[in-house]
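As the structure is a computational prediction, the values presented were derived from the model and not from experiment.
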Amino acid sequence: MNPATTLSFARRLLAACAATLFACAAPVVAQAGSVLDRIQSTGVLKMGYRADGAPFSWETGPSAATGYAPDICQRIAASIASHLKLPKLQVQAVPVLESTRISAVINGEIDIECAGTTNNKARREQVAFGLPYFYAGSALMVREGSGITGLGNCRGKKLGTIEGSTSSQIAELKNDNGGWTLKTFKSMNEATAALGRGEIDVLMYDDVTLLTAAAQSGGKLSVLAQRYSIEPLAPMFSKSDPELEKVVLQAMQQLYRDGEMDAIYKRWFLSPLPGLGYNLNLKMGALLQDNLRRPTSYVADWTVM
């Protein structure tokens with residue numbers, strides 16, 4: 001083979017390799033694109049919420065949400081708009097369930113979930129979290145006069161939880177030798193209604209949401225004192241966009257440092273809840289107070305007691 005033929009062959013080989021590499025890489029580039037890029041191109045931030053998760057989030061109309069978590073996420077949205085230099089950013093509320101919230105983040109159906117989700121190791125393998133904005137504990141709600149005082153006397157009872165929640169995991173972990181029959185529900189409203197009708201004997205879920213449901217029951221339901229976990233709750237978003245994580249963490253750190261978080265907390269836990277007509281009168285816990293003093297992205301994993 002003469003030098004000219006060799007050079008021609010080499011050029012053709014390089015061109016073929018380049019074409020092959022481009023063909024392999026092209027689909028990846030097409031499917032990529034950060035969450036912030038999507039928000040900037042659409043001018044819309046899709047905020048996931050749960051319709052019946054008061055005080056963290058609840059529905060006030062079709063695809064309209066309010067609550068402690070959306071209030072915080074509105075501040076995060078303002079920081080995202082500033083970072084992207086958008087004159088206006090529409091926050092679109094998108095309802096999600098416990099069982100669908102993580103896939104909704106991963107699939108891009110929502111950009112951030114603001115509803116009271118526990119930040120734990122297993123979930124951090126799939127999604128990212130902002131700073132903790134509340135520490136909840138799994139608790140039990142029963143009908144008044146049930147005689148149930150804790151999990152210790154639930155043997156032979158029907159225990160309800162919410163599908164996809166950490167409480168459902170706790171109920172399974174503590175169900176030694178099938179002590180109770182476990183039934184899961186898709187929403188808090190469904191589970192509370194089932195408890196009221198006697199279809200289940202006890203409901204295990206986050207304590208604050210249970211306290212809200214008990215307050216709405218007119219004295220028919222009550223929340224027992226014992227807690228079975230300590231769980232940091234935080235906004236949840238895609239881990240595929242490090243720049244988004246940076247903006248969220250900086251926005252929350254600023255909220256915590258400038259004292260605005262104290263006012264937000266008082267609005268939802270120490271004042272009458274808008275449209276619901278009662279006040280939880282729940283003072284800020286020591287763990288959250290410490291987070292406000294020293295805002296950091298480090299979080300200990302949730303603890304089952």
Side-chain angles (χ1 to χ4, degrees), residues 27-54 56-81 83-84 86 88-131 133 162-169 184-191 205-206 209 233-249 251-252:
V28 176
V29 173
Q31 291 172 4
S34 71
V35 178
L36 285 178
D37 286 343
R38 183 172 67 230
I39 294 170
Q40 186 164 45
S41 64
T42 61
V44 175
L45 172 72
K46 294 177 288 185
M47 179 190 72
Y49 72 95
R50 291 203 288 281
D52 54 3
F56 297 110
S57 73
W58 71 95
E59 198 165 71
T60 56
S63 295
T66 191
Y68 178 63
D71 197 355
I72 292 170
C73 283
Q74 288 286 350
R75 270 68 173 183
I76 295 172
S79 293
I80 290 173
H83 179 77
L84 296 175
L86 291 173
K88 182 179 180 182
L89 178 61
Q90 177 190 349
V91 178
Q92 178 185 340
V94 180
V96 294
L97 299 171
E98 274 91 343
S99 56
T100 64
R101 56 190 168 179
I102 293 177
S103 62
V105 168
I106 294 171
N107 297 333
E109 296 166 26
I110 59 175
D111 301 313
I112 188 168
E113 191 243 20
C114 307
T117 292
T118 300
N119 176 356
N120 63 29
K121 183 179 178 181
R123 290 172 178 168
R124 287 195 298 273
E125 293 176 356
Q126 303 178 75
V127 293
F129 288 90
L131 301 184
Y133 53 54
I162 311 299
E163 182 181 334
S165 68
T166 48
S167 293
S168 66
Q169 297 176 45
T184 60
F185 298 87
K186 289 191 176 297
S187 71
M188 181 64 185
N189 282 344
E190 288 182 10
Y205 195 53
D206 291 348
T209 304
L233 309 185
M236 178 175 65
F237 47 92
S238 174
K239 66 183 299 182
S240 68
D241 191 338
E243 190 67 18
L244 173 62
E245 181 174 16
K246 180 180 176 182
V247 174
V248 171
L249 293 178
M252 297 191 74

Novice: Once rounded to the nearest 0.5 Å, what's the spacing between atom CD1 of I72 and atom CE of M252?
Specialist: 5.5 Å
Novice: Under 3.5 Å, side chain of D241 to main-chain N/O of S34, donor-acceptor pair present?
Specialist: no
Novice: A69 and A115: which non-hydrogen atoms are nearest, and at how many Å?
Specialist: CB-N, 3.6 Å
Novice: How close do S187 and D52 get, counting heavy atoms only, and between which atoms?
Specialist: CB-OD2, 3.2 Å
Novice: Applying ring-ring contact (aromatic ring centres under 6.0 Å, His included), can you list everything that pairs with Y49, at least two apart in sequence or on another chain?
Specialist: none
Novice: Decide yes or no for V35 and F237: does some side-chain heavy atom of the first lie under 4.5 Å from some side-chain heavy atom of the second?
Specialist: no
Novice: Just how far is it from atom SG of C73 to atom CE of M236, taken to the nearest 0.5 Å?
Specialist: 10.5 Å
Novice: State, to 0.1 Å, how close I110 and E113 come at their nearest heavy-atom pair, and which atoms those are.
Specialist: CD1-CB, 3.8 Å
Novice: Going through the distances and angles, do V105 and Q126 end up as a side-chain contact (heavy atoms from CB on, under 4.5 Å)?
Specialist: CA-CA 9 Å; V105 168; Q126 303 178 75; over 6 Å; no
Novice: Once you round to the nearest 0.5 Å, how far does CD1 of I112 lie from OG of S238?
Specialist: 11.0 Å
Novice: Could you work out, with side chain to side chain donor-acceptor pair (under 3.5 Å) as the rule, every residue matching T66, not counting sequence neighbours?
Specialist: none
Novice: How would you list, by chain and number, every residue that makes a side-chain contact (heavy atoms from CB on, under 4.5 Å) with L89, sequence neighbours excluded?
Specialist: I39, L45, A77, I80, A81, L86
Novice: Show me the donor-acceptor pairs, under 3.5 Å and distance only, between side chains in residues 93-103 and residues at least two apart or in other chains.
Specialist:
from : atom 1 : to   : atom 2 : distance (Å)
E98  : OE2    : R50  : NE     : 3.2
E98  : OE2    : Y205 : OH     : 2.2
T100 : OG1    : L97  : N      : 3.0
T100 : OG1    : L97  : O      : 3.4
R101 : NE     : E98  : O      : 3.1
R101 : NH1    : T117 : OG1    : 3.0
R101 : NH2    : G164 : O      : 3.1
S103 : OG     : T100 : O      : 2.9

Novice: Distance check, rounded to the nearest 0.5 Å: Q169 atom CD versus T118 atom OG1?
Specialist: 9.0 Å
Novice: Measure the spacing between CD of E109 and NZ of K46 and express it to the nearest 0.5 Å.
Specialist: 8.0 Å
Novice: What residues form a side chain to side chain donor-acceptor pair (under 3.5 Å) with T166, not counting sequence neighbours?
Specialist: E231
Novice: Return the set of residues passing salt bridge (charged side-chain N to carboxylate O under 4.0 Å, His left out) with D111 (not counting sequence neighbours), or none when no residue passes.
Specialist: R38
Novice: Return the OG1 to CG distance between T42 and D37, rounded to the nearest 0.5 Å.
Specialist: 10.5 Å
Novice: Please enumerate all residues that pass side chain to side chain donor-acceptor pair (under 3.5 Å) together with N119, with sequence neighbours excluded.
Specialist: R124
Novice: So do the side chains of S167 and I162 get within less than 4.5 Å of each other, counting heavy atoms only?
Specialist: no
Novice: What residues form a ring-ring contact (aromatic ring centres under 6.0 Å, His included) with F185, not counting sequence neighbours?
Specialist: none
Novice: Considering residues at least two apart in sequence or located in another chain, which fulfil the salt bridge (charged side-chain N to carboxylate O under 4.0 Å, His left out) criterion with K186?
Specialist: E163
Novice: Suppose the criterion is salt bridge (Lys or Arg N to Asp or Glu O under 4.0 Å): which pairs have a residue in residues 68-79, not counting sequence neighbours?
Specialist: D71-R75, D71-R267, R75-E260
Novice: The criterion is side chain to side chain donor-acceptor pair (under 3.5 Å); which residues satisfy it with E243, sequence neighbours excluded?
Specialist: H83
Novice: I'd like to check T60 versus W58 (side-chain heavy atoms, cut-off strictly below 4.5 Å). Are they in contact?
Specialist: yes
